[in-house]
Every structure is written in C-alpha cells, then in structure tokens.
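Have a look at the structure below before the remarks.
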Amino acid sequence: MKLLEGNTVLVTGASTGIGRAAAIGAAQHGADVAINYANSDRSAASCVAEIEALGQRAITVKGDVADPQTAQDFVARAVEAFGKVDVKVSNAGICPFHAFLDMPADVVERTFKVNLHGAYFMVQGAAQQMVKQGHGGSIVAVSSISALVGGEYQTHYTLTKAGVHSLMQSTAIALGKHGIRCNSVLPGTILTEINKDDLADVEKREYMEKRVPLGRLGASEDLAGPIVFLASDMAAYVTGAALRVDGGMYVNLQ
Ligand SMILES: NC(=O)C1=CN([C@@H]2O[C@H](COP(=O)(O)OP(=O)(O)OC[C@H]3O[C@@H](n4cnc5c(N)ncnc54)[C@H](O)[C@@H]3O)[C@@H](O)[C@H]2O)C=CC1
Ligand SMILES: C[C@H](O)[C@@H]1OC(=O)[C@H](O)[C@@H]1O
C-alpha cells in the first residue's frame with residue numbers, strides 16, 4: 001500500500017543521510033518530492049534521479065536553512081512545480097563535535113542558526129502555505145535522542161534538538177485547528193556524514209553499538225518508515241508526538 005500517493009513532500013537537507021532516505025521513502029510511497037540542499041549539486045541531482053527512477057517527480061532547491069528567506073523560496077518553488085505542499089520534513093542539521101570549555105562562539109551560533117532557526121522558519125513557511133490551501137497537512141521534524149540525553153561534545157547541539165522537539169509540541173497546538181499535524185522523530189545513533197569522523201574512533205563506535213539492544217547502529221533508511229508513517233493518514237490522530245527510532249538505545253540503562 002502506498003501511503004503518500006499524490007502528495008507533495010518537501011524535505012530539507014535531503015541530498016544525504018536521513019533526509020535523502022526520507023525523500024526516497026516518500027517517493028516510494030507515491031509522493032512528488034522537493035529537495036532542499038546546502039552544498040553538493042551532484043548528491044542532490046543523484047537523489048532526484050533516484051526519485052524519478054521510481055516514477056515520481058522531484059525538484060532541487062539550493063539554500064541555507066539558516067536564512068529565513070530560504071524557507072519562503074523553497075515553498076514557492078515547490079508550489080510552482082507541484083501546485084501544493086502536503087508534507088514538510090524539517091531535517092537539515094549540523095553537529096560539529098567540540099568540548100564545552102573552549103567552544104568557539106561562532107560554532108555555537110551557527111549550530112543554533114541551522115538546527116533551530118532553520119527548523120523554525122522551515123516549519124513556519126510550510127504551515128503558512130498549508131493554511132492558505134485549507135486542507136491540512138503534516139509536518140515531521142528530525143529531532144534526536146539527544147533532545148532527551150546529553151553529550152559531552154554536543155553541548156551546543158543537544159539543546160537545539162530539544163528545541164526542535166518542543167517546536168513540534170507547540171506547533172501541534174498552534175496548527176491543530178487548521179488540520180495540520182506536527183510530530184518529531186528522535187533518531188539514536190545513525191551512521192551518516194554527520195558522525196563519520198566521531199565514529200571513526202573504533203572504541204567509541206563499539207561502545208555506542210553495545211548500548212543498542214537491537215545490536216547495531218542505525219542506517220538512514222531506518223528513519224524512512226517512521227517519517228512516512230507520521231506524514232501519512234495512517235497517523236491521522238497523531239500530533240505533538242515524538243517517536244524514538246534508536247534501536248532501544250535510550251531505555252538501555254543496564
Ligand atoms: N546521524 C545521527 O546519528 C543523527 C542525526 N540526527 C539529525 O538528523 C538530521 C540529518 O542528519 P544526518 O542525515 O545524520 O547527517 P547528514 O550530514 O548526512 O545530513 C545533514 C544534511 O543537512 C544538510 N545541511 C546542513 N546544514 C544545512 C544548511 N544550513 N542548509 C541546508 N541544508 C543543510 C547537509 O548538507 C546534509 O545534507 C540532522 O538534523 C541531525 O541532527 C538526529 C539524531 C541522530
Ligand atoms: C551526530 C551524532 O552522532 C548523533 O547526533 C544525534 O543527535 C545523536 O544523538 C548522535 O549523538
């Protein structure tokens with residue numbers, strides 16, 4: 001069964017990792033997809049090619065999510081191409097690992113701007129269009145298990161993920177009357193570009209793997225199903241929810 005037949009889905013940071021898996025997962029479920037990306041034209045083009053091979057339409061819109069104008073441009077381009085916005089996946093994020101005591105101010109500010117301001121304006125832009133259309137919609141934000149637990153080298157990052165989680169709770173209230181649902185996914189440790197260097201440390205990687213009851217770190221594709229589900233009518237009565245997708249890592253005390 002295709003869960004997003006005829007939908008237009010917008011995904012930020014969709015040229016790699018979890019965003020790319022979400023974009024392709026949406027296309028596998030019958031959606032046309034608009035892809036925001038920051039840097040690599042080649043990765044974005046290959047994501048479009050994968051989606052088109054599935055028989056769906058796709059466009060790319062390059063832009064920095066930290067700039068509020070990017071959200072407006074992204075929505076405008078998607079509407080121009082596909083006529084509407086049904087689903088928004090706010091995924092783009094950075095995690096430049098660094099110790100707390102000598103954390104550079106510019107790293108903190110950039111992390112807040114991309115992860116938090118970026119999510120805020122992207123969600124707002126999509127919601128404005130959904131309200132204008134008048135037939136509801138679904139917003140899924142990629143938060144993290146890090147919204148719930150800390151990280152020694154992530155002091156500037158974990159609070160942005162808690163913020164994204166909180167944003168979905170507040171927008172669920174603000175947008176419920178418009179039939180717009182807002183939920184988050186909380187991935188555990190997923191093997192992507194964002195943590196490639198961090199997990200190159202074999203000892204750390206093995207420690208992280210041991211913490212997961214399901215016995216392995218996650219792959220980007222592990223997020224596609226939960227995101228598509230929350231985006232779809234299968235989750236029609238789900239809003240303000242946070243779904244951990246972490247192989248059980250969070251509950252594993254001993
Ligand atoms: N990999 C993991 O273990 C986890 C990742 N996450 C979150 O998942 C999301 C996706 O990350 P991953 O797929 O893991 O890594 P990734 O590095 O493959 O994906 C992040 C994407 O965001 C894009 N991006 C970064 N800054 C941007 C900007 N200013 N404007 C537009 N796009 C921008 C990147 O180009 C990249 O495509 C992030 O929000 C991250 O915080 C959450 C929990 C765990
Ligand atoms: C980038 C990290 O490996 C990853 O990011 C998160 O949000 C998770 O908590 C992991 O620490």
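Both counts, for ligands and for their atoms, begin at 1 and track the order of listing.
- No more than 12 heavy atoms of other residues, nucleotides or ligands lie within 6.0 Å of OH in Y250, so this atom counts as exposed by the packing criterion.
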| Do I139 and T171 pass the side-chain contact (heavy atoms from CB on, under 4.5 Å) test, and can you show the C-alpha distance, the side-chain angles, and the key distance before you say yes or no? | CA-CA 9 Å; I139 296 171; T171 53; 6.0 Å; no
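- More than 12 heavy atoms of other shown residues, nucleotides or ligands fall within 6.0 angstrom of atom CG in D201.
- With sequence neighbours excluded, the residues satisfying side chain to side chain contact (heavy atoms under 4.5 Å, CB included) with V107 are P96, M103, P104, T111, H156.
- Residues passing the side chain to side chain contact (heavy atoms under 4.5 Å, CB included) test with I194, sequence neighbours excluded: C95, T192.
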In a simple table, one pair per line, please give the protein and ligand 2 atom names for every N or O pair closer than 3.5 Å, along with the distance.
unit_1, atom_1, unit_2, atom_2, d
ligand 2, 3 (O), N195, ND2, 3.1
ligand 2, 5 (O), Y157, OH, 3.3
ligand 2, 7 (O), S144, OG, 2.5
ligand 2, 7 (O), S146, OG, 3.3
ligand 2, 7 (O), Y157, OH, 2.6
ligand 2, 9 (O), S144, OG, 3.3
ligand 2, 9 (O), S146, OG, 2.4
ligand 2, 11 (O), Q154, NE2, 3.0

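- Remark: K84 NZ is packed, more than 12 non-hydrogen atoms of other residues, nucleotides or ligands lying under 6.0 Å away.
- Between D64 and R110 there is a salt bridge, since at least one side-chain N of the basic residue sits less than 4.0 Å from a carboxylate O of the acidic one.
- For CD of E5, the number of neighbouring non-hydrogen atoms (other residues, nucleotides, ligands) closer than 6.0 Å is greater than 12.
- Enumerated by chain and number, the residues approaching ligand 1 to less than 4.0 Å through a heavy atom are G13, S15, T16, G17, I18, N36, A38, G63, D64, V65, N91, A92, G93, I94, R110, V114, V142, S143, S144, Y157, K161, P187, G188, T189, I190, T192, E193, I194, N195.
- Atom CZ of F121 is surrounded by more than 12 heavy atoms from other residues, nucleotides or ligands within 6.0 Å.
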